[in-house]
Amino acid sequence: MGAASSRLEKALGEQFPEGERYFGLENFGNTCYCNSVLQISNQKKKTGVIAPKRFIQRLKKQNEIFRSYMHQDAHEFLNFLLNELVDILEKEHNAARESLQNISLQKNSNGPINGQANGSHKELPATWVHKCFQGILTNETRCLRCETVTDRDETFFDLSLDIEQNSSITSCLKNFSSTETLNAEDKFFCDKCCSLQEAQKRMKIKKPPNILVIHLKRFKYIEQLQRYKKLSYRVVFPLELKLLNTVDNSDLEYSLFAVVVHVGSGPNHGHYISLVKSHNHWLFFDDENVEMTDESMVQAFFGSPQEFSGNTDNGYILFYGSLAEKS
């Protein structure tokens, strides 16, 4: 990337953000799923190429899914990465806490420390992964006989949305929170009625995350074909997004800052690239190559309005940052 990196530095010139590093990542044989998600910015030079060999080796050691040289899924990698980071951070916190407790025990052997009951455990503090990516969904189920509403909360790091042809992220989010009727074999067991009853359920966002990650479900299993097919549907994702399907009906605003793009006609082959916004500049990442690009380039990855088209470069994972967090 020597020539490419120097072109990027020349293009930015005096506008090159202080302290920022824009590095391409070497591909070790179908590792673009990983490169498209990662960003590394701890080098002395401003631009260049990094070979994340040790990272890839550890990734393959930790999870057998990524051990082959077959085409992998960037969304699966993102989920594994975030959950693995949480495990590592929580283990480090536990180790540090146990070390402090051992030191305190040596100094004071009379009874529990800080009034904490023997055998009790404090809840682990939220890691930076939780603070950035975690939101809370609430599943509301209303019994149609007694009108009792049952709420069940669950946490999430990303939202996986079903997509339709010539749609938008807003419409996909509305469908995600649309009301579904449970009847026939799918009846809901109502605790108040003590029996199976027809019910209505819907999913809404109770606590929006600071970084909203949206995964577009572009790979669908087709029963007639007995295999997965890629949906290159045109799904418009705006630069500014209003999140409407929240419990308190507040219009939360988000700004798009990164897109992972799947290039290819199927789930078992292809390539991943990414677009990232940094200091009001949009950058195009393709393994070792990093280039400046225009904001309008984002529109090129909405998808195709026709069923059969040669355009297979489609937005797959979207990263939105909360504007409330910046204010």
Side-chain angles (χ1 to χ4, degrees), residues 32-33 35-37 71-78 158-180 202-203 205 211-245 251-277 281-287 289 291-321:
C32 56
Y33 67 90
N35 293 349
S36 64
V37 173
H71 184 68
Q72 304 292 344
D73 187 272
H75 179 243
E76 285 186 9
F77 167 70
L78 176 62
D158 67 87
L159 295 179
S160 290
L161 303 182
D162 290 312
I163 61 174
E164 297 177 351
Q165 180 60 285
N166 293 316
S167 59
S168 67
I169 289 298
T170 302
S171 64
C172 291
L173 284 166
K174 284 182 180 178
N175 289 337
F176 179 81
S177 293
S178 62
T179 301
E180 176 188 357
R202 64 177 180 175
M203 191 84 77
I205 298 172
I211 296 177
L212 176 64
V213 181
I214 296 177
H215 162 235
L216 302 181
K217 296 163 85 170
R218 288 201 176 273
F219 304 113
K220 182 179 181 181
Y221 187 78
I222 308 299
E223 194 69 39
Q224 297 91 328
L225 301 175
Q226 295 289 298
R227 61 178 173 84
Y228 281 90
K229 175 187 176 183
K230 181 179 178 181
L231 305 177
S232 293
Y233 295 162
R234 188 174 192 268
V235 181
V236 176
F237 41 91
L239 297 174
E240 305 293 330
L241 174 69
K242 280 191 176 182
L243 196 61
L244 304 175
N245 51 337
D251 293 352
L252 297 172
E253 294 187 353
Y254 285 83
S255 178
L256 183 72
F257 70 87
V259 182
V260 172
V261 176
H262 181 267
V263 180
S265 58
N268 299 319
H269 57 275
H271 184 55
Y272 287 102
I273 57 177
S274 57
L275 297 174
V276 179
K277 186 178 183 180
H281 297 290
W282 278 94
L283 299 168
F284 175 84
F285 289 81
D286 183 359
D287 287 337
N289 298 310
E291 300 174 2
M292 276 191 68
T293 189
D294 193 77
E295 185 176 80
S296 60
M297 183 72 170
V298 173
Q299 300 177 21
F301 302 111
F302 286 168
S304 173
Q306 285 85 33
E307 177 82 24
F308 302 101
S309 170
N311 179 10
T312 61
D313 303 1
N314 314 128
Y316 185 48
I317 309 173
L318 314 174
F319 294 80
Y320 282 93

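Please read these numbers as outputs of a predicted model, since none were measured by experiment.
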How long is the straight-line distance from CG of Asn289 back to CG of Leu283, given to the nearest 0.5 Å?
13.0 Å
Test item: Thr293 and Glu291 side chains (from C-beta on) under 4.5 Å apart, heavy atoms
no
With side chains defined as the heavy atoms from C-beta onward, is the minimum distance between Arg234 and Ser304 less than 4.5 Å?
no
Just one of Ile205, Thr170, Ile169 clears the side chain to side chain contact (heavy atoms under 4.5 Å, CB included) bar with Leu243, so which one?
Ile205
Between Ser160 and His75, what is the shortest heavy-atom contact and its length?
OG-CE1, 3.7 Å
Would you say that Tyr320 contacts Pro238 through its side chain, given a criterion of any heavy-atom pair below 4.5 Å between the two side chains?
yes
Rounded to the nearest 0.5 Å, the OH atom of Tyr233 sits from the CG atom of Leu216 at a distance of 13.0 Å
Output all residues satisfying side-chain hydrogen bond (donor to acceptor under 3.5 Å, both in side chains) with Asp162, sequence neighbours left out; order by chain, then residue number.
Lys217
Once you round to the nearest 0.5 Å, how far does CD1 of Ile214 lie from CG of Leu173?
5.0 Å
Looking at Arg218 and Gly315, would you say the former's side chain and the latter's main chain have a donor-acceptor pair under 3.5 Å?
yes
Between atom CG of Asn314 and atom OG of Ser265, what is the distance when rounded to the nearest 0.5 Å?
10.5 Å
For Thr312, side-chain hydrogen bond (donor to acceptor under 3.5 Å, both in side chains) partners two or more places apart
none
Side chain to side chain contact (heavy atoms under 4.5 Å, CB included) evaluation trace for Glu164 with Asn175
CA-CA 10 Å; Glu164 297 177 351; Asn175 289 337; 3.9 Å; yes
For Leu256 versus Ala258, what's the shortest heavy-atom pair and its separation?
CD1-O, 3.6 Å
Roughly how far, to the nearest 0.5 Å, is the NE2 atom of His271 from the CG atom of Asp313?
9.5 Å
Check whether any side-chain N or O of Ser177 sits under 3.5 Å from a backbone N or O of Met203 as a donor-acceptor pair, and report yes or no.
yes
Any Asp73 side-chain heavy atom under 4.5 Å of Tyr272 side chain
yes
Which distance, rounded to the nearest 0.5 Å, do you find between the CG of Leu239 and the CD of Glu295?
4.5 Å
Output, in order, the C-alpha distance, side-chain angles, deciding distance and verdict of side chain to side chain contact (heavy atoms under 4.5 Å, CB included) for Tyr228 and Asn268.
CA-CA 9 Å; Tyr228 281 90; Asn268 299 319; over 6 Å; no
Partners of Lys277 by side-chain hydrogen bond (donor to acceptor under 3.5 Å, both in side chains), sequence neighbours excluded?
none
With a sphere of 6.0 Å drawn around CD of Gln165, does it hold more than 12 non-hydrogen atoms of other residues, nucleotides or ligands?
yes
Any non-hydrogen side-chain atom of Met292 less than 4.5 Å from a side-chain atom of Trp282?
no
Would you check, one step at a time, whether the test side chain to side chain contact (heavy atoms under 4.5 Å, CB included) holds for Tyr254 with Lys242?
CA-CA 6 Å; Tyr254 285 83; Lys242 280 191 176 182; over 6 Å; no
Ile317 and Phe319: side chain to side chain contact (heavy atoms under 4.5 Å, CB included), yes or no, with the steps?
CA-CA 7 Å; Ile317 309 173; Phe319 294 80; 3.7 Å; yes
